[in-house]
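Structure record follows, encoded as structure tokens.
We're numbering straight along the sequence, starting at 1.
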Amino acid sequence: MSLLPSRRRFLGALAGATLAASAGCLDSNSEATKSDSDARTLTLDLTRRGDSLREQFVTDLAATRPEWDEEAFEATLDGEEYTTQYRKPFPGSADDPAYAEQDGTYYRLGSVVIDEVETTRPVLRLFADSEDEGSAADGTDSPGTDEADGTRTVPAEELPEIDARAVHIAHFAARARGNDGGAPWGLVQRGGYVYRNEERMTESELLGDETPSHVRYRDRRYRVDIAREVFYEPRYRATVEPVAESPERMEAILRAHHVQARFRADDLSSEAREIVRRARGDGYEETHPYSAAYEELLRLMDRRAYLDGNIERDAGVERTGRRLIRYDGIYYHYSLRFHGD
């Protein structure tokens, strides 16, 4: 008697059982996913930004800092080449450029890298004093004077402005070093503070010949370490390009760049208009599956990825970028966020 049919029946039964089990797992996962999404709430907030984007995105360089941006603008308009080292001219980026206006003409501001420069910069690092047992107020040290152990401690508030800022930033790195938590790494560099303003370095006490060994900042004494290190910095050339000769043209450019969607109240059902009204107040929220009106609004806002209630599992979904809509001629910044278990 052949064993083949029995083996086939056994394999078929095994495959069927496996498929059934897999189907059960998929159903279970689907229910879990559905349950997870059902338990989460999607909140829409709308913040009014007015009826003109020019007020937000066209920069008044005379009223902003740093002051060299105005210098760069005027020099470039006069046909001069204006360059900076390390610091980029003008605010903004290639994806979010800055604009300025002069005599009715609107200009796009930017920069290009034209060189690399090797330079040496002083770096201030602070290290918490393990023997520090108190503050200057209780007499454990004598700020600004030589101490018995040969050290000299200076309170940060008595330092020149350039050093006070350096200590403030370097202490973030000292506080985070070896501990949980973080530091503002946009300010902290190489584990401390990098002096870059050469014109003001002559004011520094920490970079002088008689550098204090310690500084006291926020009731903590820190050992001062100054190292001179090599940096490779980009050199930028400012660019100024005319883009519009009228406010209307500039407004159109800004809309094309920043506005995600635009629609009017007449485009919406009465229920969707009510959602907009509430979103402009304290915010509007729903739990998935969403109402027809909420889905209607999400489609008009081109936020279809939120319709399935599980955007975190979608590939290639843009999380940042344009966050403005235009509703009845008014611009609104919007945010969509999940909360709940």
Think Arg190 forms a cation-pi with Phe231, using NZ or CZ under 6.0 Å from the six-ring centre and within 45 degrees of its axis?
yes
Determine whether the aromatic ring centres of residues Tyr107 and Phe73 are separated by less than 6.0 angstrom.
yes
Give a yes or no answer on whether the side chain of Asp163 reaches the backbone of Ser204 with a donor-acceptor pair at less than 3.5 Å.
no
Between Gly329 and Asp51 the two heavy atoms that sit nearest each other are O-CB, 3.8 Å
Atom CG of Asp282 with >12 non-hydrogen neighbours under 6.0 angstrom
no
Would you call Glu251 and Arg54 a side-chain contact if the rule is heavy atoms closer than 4.5 Å?
yes
Students often mix this up, so state it plainly: with edges at 30° and 60°, are the rings of Tyr306 and Phe338 parallel, tilted or perpendicular?
tilted
Do we get Arg125 above Tyr193's six-membered ring, with its NZ or CZ under 6.0 Å from the centre and within 45° of the axis?
no
Start with the C-alpha gap between Tyr82 and Arg237, add the side-chain angles, then the distance that decides, and say whether side-chain hydrogen bond (donor to acceptor under 3.5 Å, both in side chains) holds.
CA-CA 6 Å; Tyr82 190 95; Arg237 184 181 71 240; over 6 Å; no
Look only at the side chain of Arg177 and the backbone of Gly191, and say whether a donor-acceptor pair between them is shorter than 3.5 Å.
yes
Cluster check Tyr99, Val112: I/L/V/M/F/W/Y, side chain < 4.5 angstrom
no
Using only atom types and a distance under 3.5 Å, with no angle test, would you say the side chain of Arg152 pairs donor to acceptor with the backbone of Glu210?
yes
Do other residues, nucleotides or ligands put more than 12 heavy atoms under 6.0 Å from Glu116 CD?
yes
Can you find a pair of side-chain heavy atoms, one from Pro97 and one from His257, that are under 4.5 Å apart?
yes
Polar side-chain atom of Thr120 near backbone of Val230 as donor-acceptor pair, under 3.5 Å:
no
Is it true that Glu157 and Arg218 make a salt bridge, defined as a side-chain N closer than 4.0 Å to a carboxylate O?
no
Distance-only polar pair, side chains of Thr41 and Glu286, donor-acceptor under 3.5 Å:
no
Does the side-chain contact (heavy atoms from CB on, under 4.5 Å) test come out yes or no for Arg48 and Ile330, once each step is laid out?
CA-CA 7 Å; Arg48 183 187 174 107; Ile330 303 298; 3.6 Å; yes
Given the side-chain rings of Tyr327 and Phe263, with only the six-membered ring counted for Trp, is the space between their centroids under 6.0 Å?
yes
Go through it in stages, so that I can follow the logic: the residues are Glu271 and Ser291, the test is side-chain hydrogen bond (donor to acceptor under 3.5 Å, both in side chains), and I'd like the CA-CA distance, side-chain angles, deciding distance and then a yes or no.
CA-CA 10 Å; Glu271 294 84 358; Ser291 67; over 6 Å; no
With the 4.5 Å side-chain cut-off for hydrophobic clustering, are Leu159 and Val123 part of the same group?
no
Minimum heavy-atom separation for Ser111 and Tyr236, please, with both atom names.
OG-CD2, 3.8 Å
Is there a side-chain contact between Thr76 and Glu71 in this structure, where contact means two heavy atoms from C-beta onward sitting under 4.5 Å apart?
no
If you look at every heavy atom in Val188 and Ala183, which pair is closest and at what distance?
CG2-CB, 4.4 Å
Out of curiosity, Leu254 CG to Glu55 CD, how far, rounded to the nearest 0.5 Å?
11.5 Å
Between Tyr86 and Phe90, is there shared hydrophobic-cluster membership here, with clusters defined by ILVMFWY side-chain heavy atoms closer than 4.5 Å?
no
Donor-acceptor under 3.5 Å (Asp78 side chain, Ala75 main chain)
no
Would you check if the side chain of Asp328 reaches a backbone N or O of Arg264 as a donor-acceptor pair within less than 3.5 Å?
no
For the atom pair CD (Glu70) and OG1 (Thr59), what is the distance rounded to the nearest 0.5 Å?
12.0 Å
Less than 4.0 Å between a side-chain N and a carboxylate O, is that true for Arg249 and Glu245?
no
Closest heavy-atom contact between Leu268 and Ala272?
CB-CB, 3.9 Å
For Tyr334 and Arg303, work out which heavy atoms get closest and say how close.
OH-CD, 3.4 Å
Counting distance only, does the side-chain N/O of Gln56 pair as donor-acceptor with the main-chain N or O of Arg49 below 3.5 Å?
yes
Atom pair OH/CG of Tyr290 and Leu297 - distance to nearest 0.5 Å:
12.5 Å
Could you walk me through whether Glu248 and Ile253 satisfy the side-chain contact (heavy atoms from CB on, under 4.5 Å) test, starting with their C-alpha distance in whole Å, then the side-chain angles of each, then the deciding distance to 0.1 Å, before giving a yes or no?
CA-CA 9 Å; Glu248 295 76 17; Ile253 291 172; over 6 Å; no
What do the steps show when you test Leu336 against Thr43 for side-chain contact (heavy atoms from CB on, under 4.5 Å), and what is the final call?
CA-CA 6 Å; Leu336 285 165; Thr43 298; over 6 Å; no
So, for Tyr222 and His214, is the gap between ring centers shorter than 6.0 Å?
no
Is the Tyr217 ring parallel, tilted or perpendicular to the His171 ring (thresholds 30°, 60°)?
tilted
Pairwise side-chain contact, Met201 with Pro122, heavy-atom cut-off 4.5 Å (strictly under):
yes
Is the side chain of His258 donor-acceptor paired with the backbone N or O of Ile325 at a distance under 3.5 Å, no angle test?
no
Report the C-alpha distance between Val224 and Val154 in whole Å, list the side-chain angles of each, state the deciding distance to 0.1 Å, and finish with yes or no for side-chain contact (heavy atoms from CB on, under 4.5 Å).
CA-CA 10 Å; Val224 173; Val154 176; over 6 Å; no
Write down the atom of Val167, the atom of Ala156, and the distance for their closest heavy-atom approach.
CG1-CB, 4.0 Å
Side chain to side chain, Glu285 and Leu42, heavy atoms closer than 4.5 Å:
no
Taking a hydrophobic cluster as the set of Ile, Leu, Val, Met, Phe, Trp and Tyr residues connected by side-chain heavy atoms closer than 4.5 Å, whether directly or through intermediates, do Phe127 and Leu124 fall within one such cluster?
no
Distance in Å, His168 NE2 paired with Leu187 CG, rounded so as to fall on 0.5 Å steps
7.5 Å
Got a donor-acceptor contact below 3.5 angstrom from the Arg235 side chain to the Ile114 backbone?
no
CZ on Arg299 to CG on Leu307, rounded to 0.5 Å
5.0 Å
Is there a donor-acceptor pair under 3.5 Å between the side chain of Tyr232 and the backbone N or O of Thr119?
no
Arg323 vs Ser335, test: side-chain hydrogen bond (donor to acceptor under 3.5 Å, both in side chains). Steps then yes/no.
CA-CA 7 Å; Arg323 288 285 178 178; Ser335 68; over 6 Å; no
With a 4.5 Å cut-off on side-chain heavy atoms, are Leu44 and Leu298 touching?
no
Does the distance from a Lys or Arg side-chain N to an Asp or Glu carboxylate O, for Arg280 and Asp45, drop under 4.0 Å?
no
Quick one: does Glu101's side chain get under 4.5 Å of Thr105's, heavy atoms only?
no
Tell me, do Met250 and Val58 make a side-chain contact under 4.5 Å, heavy atoms counted?
yes
Exercise: do Gln189 and Arg196 side chains pair donor with acceptor under 3.5 Å
yes
Distance (rounded to the nearest 0.5 Å) between Ile162 CD1 and Glu199 CD
10.5 Å
With hydrophobic residues grouped by side-chain heavy-atom distances under 4.5 Å, do Leu126 and Val194 end up in a single group?
no
